[in-house]
Enquirer: 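Structure in structure tokens, see below.
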There are 2 protein chains.
Amino acid sequence: MNDVAAAAGVALKTVSRVVNNEPGVNAVTAGRVQEAIERLGYRRNDSARILRRGRTASIGLVIEDVADAFYSSLSRAVEDAALHHGYLLFTGSSREDAARERDLVLAFCARRVDGLIIVPAGSDHGYLAPEFEAGIKAVFADRPAGAGCEADTVLCDNAGGARAGTAHLIAHGHRRIAFLGDSPGIFTAAERLRGYRQGLAAAGLPYDEGLVVMGPPDPARMRADLTRLLTASDPPTALLTGNGRTTVETLRALASLTDAADAGAAGGLALVGFDDFELADLLGITVVAQDPARLGRTAADLLFMRLSGDERPTSRIEIATRLVPRGSGERPPLPRRDRTAG
Amino acid sequence: MNDVAAAAGVALKTVSRVVNNEPGVNAVTAGRVQEAIERLGYRRNDSARILRRGRTASIGLVIEDVADAFYSSLSRAVEDAALHHGYLLFTGSSREDAARERDLVLAFCARRVDGLIIVPAGSDHGYLAPEFEAGIKAVFADRPAGAGCEADTVLCDNAGGARAGTAHLIAHGHRRIAFLGDSPGIFTAAERLRGYRQGLAAAGLPYDEGLVVMGPPDPARMRADLTRLLTASDPPTALLTGNGRTTVETLRALASLTDAADAGAAGGLALVGFDDFELADLLGITVVAQDPARLGRTAADLLFMRLSGDERPTSRIEIATRLVPRGSGERPPLPRRDRTAG
DNA sequence: ACGGCCTTAGACAACGTTGTCAGTTCCATG
DNA sequence: CATGGAACTGACAACGTTGTCTAAGGCCGT
């Protein structure tokens with residue numbers, strides 16, 4: 001900018017005015033400055049601008065994994081909102097690691113992002129206190145913040161969705177419904193388990209721990225668990241899977257079991273998956289659909305309202321789920337076979 | 001930092017040394033400073049640091065759409081590499097819009113990112129010249145830069161993959177193979193068309209323009225085009241689809257056609273899809289698999305080599321594709337039916 | 001002709017760091 | 001005891017902007 005000023009024979013401040021389209025510069029002078037800018041290929045240094053002005057016009061987004069369809073949809077919604085407000089977006093994946101989440105968030109804060117949208121992996125967000133003190137705004141998405149951290153939160157109606165999925169299966173005649181969820185430490189997984197239990201209770205069905213399997217969606221582990229479930233003395237006739245990855249891995253496991261000798265009840269199992277996924281329509285999989293784009297958009301809207309000075313008490317928004325019947329969830333229970341004869 | 005210095009009764013510079021773990025500070029002093037830092041909740045301002053040091057330890061990634069599985073895999077690989085090198089990542093989606101790509105890139109440059117990884121949407125990258133002049137490093141991924149822009153480039157072997165897919169179908173007896181590609185203006189789409197033609201030529205088969213349909217994967221348009229293709233007098237017995245989205249929409253269209261009255265040859269069509277996708281295994285879809293993670297990793301590696309001073313001439317790397325047979329591509333041609341009798 | 005206002009332009013400090021250099025203290029050594 | 005050097009600490013400028021304040025000149029009304 002100094003060079004431009006020298007080249008155009010004006011003061012630094014005049015160049016600044018031209019660059020920022022500030023009024024009060026004579027058209028002729030502005031033209032001369034413009035010409036110098038182009039001749040020198042000058043581009044404003046936003047780092048200095050940020051330092052001087054105190055606002056960075058950027059926000060940070062911490063999700064669990066960009067490569068996951070749910071989070072990449074969310075990501076895109078946030079990105080659109082950011083662009084729309086003229087903000088730039090830092091992105092990082094926590095990979096379900098609380099320390100990594102913390103490092104990312106603090107790195108973003110060190111860059112003085114104006115706001116954060118966080119899908120928390122950890123359950124302790126005390127580390128944010130000094131940042132809040134310093135005026136950073138944060139919105140939690142998909143999962144609530146850990147205790148002692150007051151912030152806006154946007155969630156899916158996890159329990160409600162799981163309850164609806166369970167009720168749907170029950171309405172189609174199922175009495176033994178297994179729940180396959182992600183690690184119970186994950187908020188959404190726990191909530192969906194809760195909804196499943198509510199669904200059973202509402203229909204007067206007993207809760208059987210033997211029908212519940214939880215853990216990260218590792219193919220080998222899931223295949224083993226499914227085999228165990230289906231070869232038990234009183235196997236389930238329906239499955240409720242707890243998230244997209246789990247649903248997909250369940251389908252893979254079921255396919256491999258159907259091929260194998262110990263196929264058992266795998267063939268006619270009813271299935272409802274929590275979270276929609278690409279091609280579920282073609283595969284005829286009934287799902288409880290979330291709306292990750294809406295989740296992201298809502299979180300971003302909240303954040304930008306805060307950034308524009310909104311000081312209302314923090315809110316907690318739940319986004320409704322929608323049951324999409326596609327066939328797999330409407331299958332009636334298979335008549336029980338005597339497995340000892342198989 | 002000033003406040004911390006005052007609180008600890010030391011000079012600014014000493015605090016700086018402590019914060020940056022520089023040697024030459026007495027343990028006792030360091031302790032006092034540390035204590036003040038914690039008491040005041042001080043966090044270093046990286047904006048100022050960046051301004052002073054000239055390096056931002058951040059890179060910008062411009063892709064086509066985060067919500068697309070191919071790009072989100074690529075994204076994740078880049079993110080991992082960035083994190084590994086201690087860099088932060090700006091992300092933005094161009095949405096296949098050259099102007100948006102340009103705006104994003106320039107915004108990143110204004111923030112003085114150290115490097116860029118770009119999946120170009122536009123074909124003119126003259127706007128980058130001043131940035132290169134200023135020392136920015138850029139790597140193009142998935143598609144080459146427009147004319148007059150010398151930079152490292154990492155591509156898939158698009159033509160080779162399409163050639164292999166075509167050869168695969170020919171090897172299974174097909175003679176009339178349709179190609180369904182994305183808009184011909186997109187580099188990868190054009191390259192894949194080229195590979196398809198090479199594949200035909202290598203087998204001595206004629207190139208029939210009537211068997212080629214290109215355009216953005218819009219469901220309605222694709223359904224109409226497929227219907228037209230399959231109800232023609234001499235319909236194809238096999239399809240080669242040009243990317244993930246196209247494959248998926250083709251499957252949807254085929255499913256809907258099979259339901260409909262004018263099903264025609266849709267049922268027994270062989271299909272090879274360019275680009276692998278989630279659940280292709282369960283659906284039994286033969287694909288020419290790309291490796292987006294490797295693409296991203298390679299691009300990031302190249303970039304970080306440049307950032308660490310590598311001055312070798314720019315390179316252009318092609319990543320091999322891999323044909324994954326899963327059933328749909330191994331179906332023999334259906335015996336031709338006399339459509340006038342149908 | 002003069003004072004006041006508006007337009008345009010520039011000087012200067014400040015944003016919060018870090019690199020450079022200089023100063024102080026203290027210990028070991030001659 | 002004097003001296004050299006190592007270890008530690010601090011003063012100051014600079015990074016490239018922008019906000020504030022002041023100055024110069026032209027125009028208007030009186």
Side-chain angles (χ1 to χ4, degrees), chain A residues 1-34 36-37 40-58 88 106-107 109-114 130-131 133-136, chain B residues 1-34 36-37 40-58 88 106-107 109-114 130-131 133-136:
Chain A
M1 192 140 133
N2 239 323
D3 301 342
V4 174
V10 299
L12 200 56
K13 182 64 206 184
T14 301
V15 179
S16 172
R17 278 193 262 259
V18 172
V19 168
N20 294 295
N21 282 316
E22 281 174 38
V25 178
N26 187 294
V28 180
T29 318
R32 216 167 64 234
V33 171
Q34 204 56 258
I37 285 176
L40 299 181
Y42 165 81
R43 301 280 161 84
R44 178 177 65 200
N45 183 331
D46 275 359
S47 298
R49 176 170 223 249
I50 285 166
L51 176 61
R52 183 60 232 248
R53 315 214 334 172
R55 303 192 72 236
T56 60
S58 57
L88 249 38
L106 290 182
C109 289
R111 298 293 179 104
R112 294 293 189 271
V113 294
D114 297 322
E131 311 301 338
E133 199 77 24
I136 273 227
Chain B
M1 195 142 131
N2 238 323
D3 301 342
V4 174
V10 299
L12 200 56
K13 182 65 208 184
T14 301
V15 180
S16 171
R17 277 192 263 260
V18 172
V19 168
N20 295 296
N21 282 317
E22 281 173 38
V25 178
N26 187 294
V28 179
T29 318
R32 219 168 59 235
V33 171
Q34 203 57 257
I37 286 177
L40 300 180
Y42 165 81
R43 300 282 161 84
R44 179 177 64 199
N45 183 330
D46 274 358
S47 297
R49 176 170 222 248
I50 284 166
L51 177 61
R52 182 60 232 248
R53 314 213 339 175
R55 302 191 71 236
T56 60
S58 56
L88 248 38
L106 289 182
C109 289
R111 297 294 178 104
R112 294 293 189 270
V113 295
D114 296 323
E131 312 300 337
E133 199 76 23
I136 272 227

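A note on names: the letters A, B, ... follow the listed sequences, proteins ahead of strands, and every chain is numbered from 1. These numbers come from a predicted model, not from an experiment.
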Enquirer: How would you label the contact of A:T29 with the nucleic acid (heavy atoms, under 4.0 Å): base, sugar-phosphate, or nothing?
Expert: sugar-phosphate

Enquirer: Specify the angle, to 10°, made by the local axes at the two ends of the helix from C:dA1-D:dT30 to C:dG30-D:dC1 when five pairs are taken at each end.
Expert: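 Helix axis angle between the two ends: 50°.
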
Enquirer: Taking only residues two or more places apart in sequence, or in another chain, which ones meet B:L40 in a side chain to side chain contact (heavy atoms under 4.5 Å, CB included)?
Expert: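 B:D3, B:V4, B:A7.
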
Enquirer: Using a cut-off of strictly less than 4.0 Å, decide whether A:T14 has a side-chain nitrogen or oxygen near OP1 or OP2 of C:dA9.
Expert: no

Enquirer: Output one letter per nucleotide in nucleotides 15-23 of chain C: B when a protein non-hydrogen atom lies under 4.0 Å from the base, S when only the sugar-phosphate is that close, - when neither is.
Expert: BBBBBB---

Enquirer: Which distance, rounded to the nearest 0.5 Å, do you find between the CG of B:N45 and the SG of A:C109?
Expert: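 Spacing of CG (B:N45) from SG (A:C109) equals 11.5 Å.
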
Enquirer: Can you list the residues that meet the side-chain hydrogen bond (donor to acceptor under 3.5 Å, both in side chains) rule with B:R53, with sequence neighbours excluded?
Expert: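 side-chain hydrogen bond (donor to acceptor under 3.5 Å, both in side chains) list for B:R53, sorted by chain: empty.
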
Enquirer: Cut-off 3.5 Å, no hydrogens considered: what does the side-chain donor-acceptor table look like for residues 16-25 of chain A, sequence neighbours left out?
Expert:
{"from": "A:N20", "atom 1": "OD1", "to": "A:R44", "atom 2": "NH1", "distance (Å)": "2.4"}
{"from": "A:N20", "atom 1": "OD1", "to": "A:R49", "atom 2": "NH2", "distance (Å)": "3.0"}
{"from": "A:N20", "atom 1": "ND2", "to": "A:S16", "atom 2": "O", "distance (Å)": "2.8"}

Enquirer: Just to verify, what does A:A8 make a side chain to side chain contact (heavy atoms under 4.5 Å, CB included) with, not counting sequence neighbours?
Expert: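 Only A:V10, A:V33, A:A36 meet the side chain to side chain contact (heavy atoms under 4.5 Å, CB included) criterion with A:A8.
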
Enquirer: Residues in side-chain hydrogen bond (donor to acceptor under 3.5 Å, both in side chains) with A:T29, at least two apart?
Expert: none

Enquirer: Could you tell me which residues satisfy side chain to side chain contact (heavy atoms under 4.5 Å, CB included) with A:I50, sequence neighbours excluded, listed by chain and number?
Expert: A:T56, B:S47, B:R111

Enquirer: Sequence neighbours left out, what passes side-chain hydrogen bond (donor to acceptor under 3.5 Å, both in side chains) with A:R52? Give chain and number order.
Expert: none

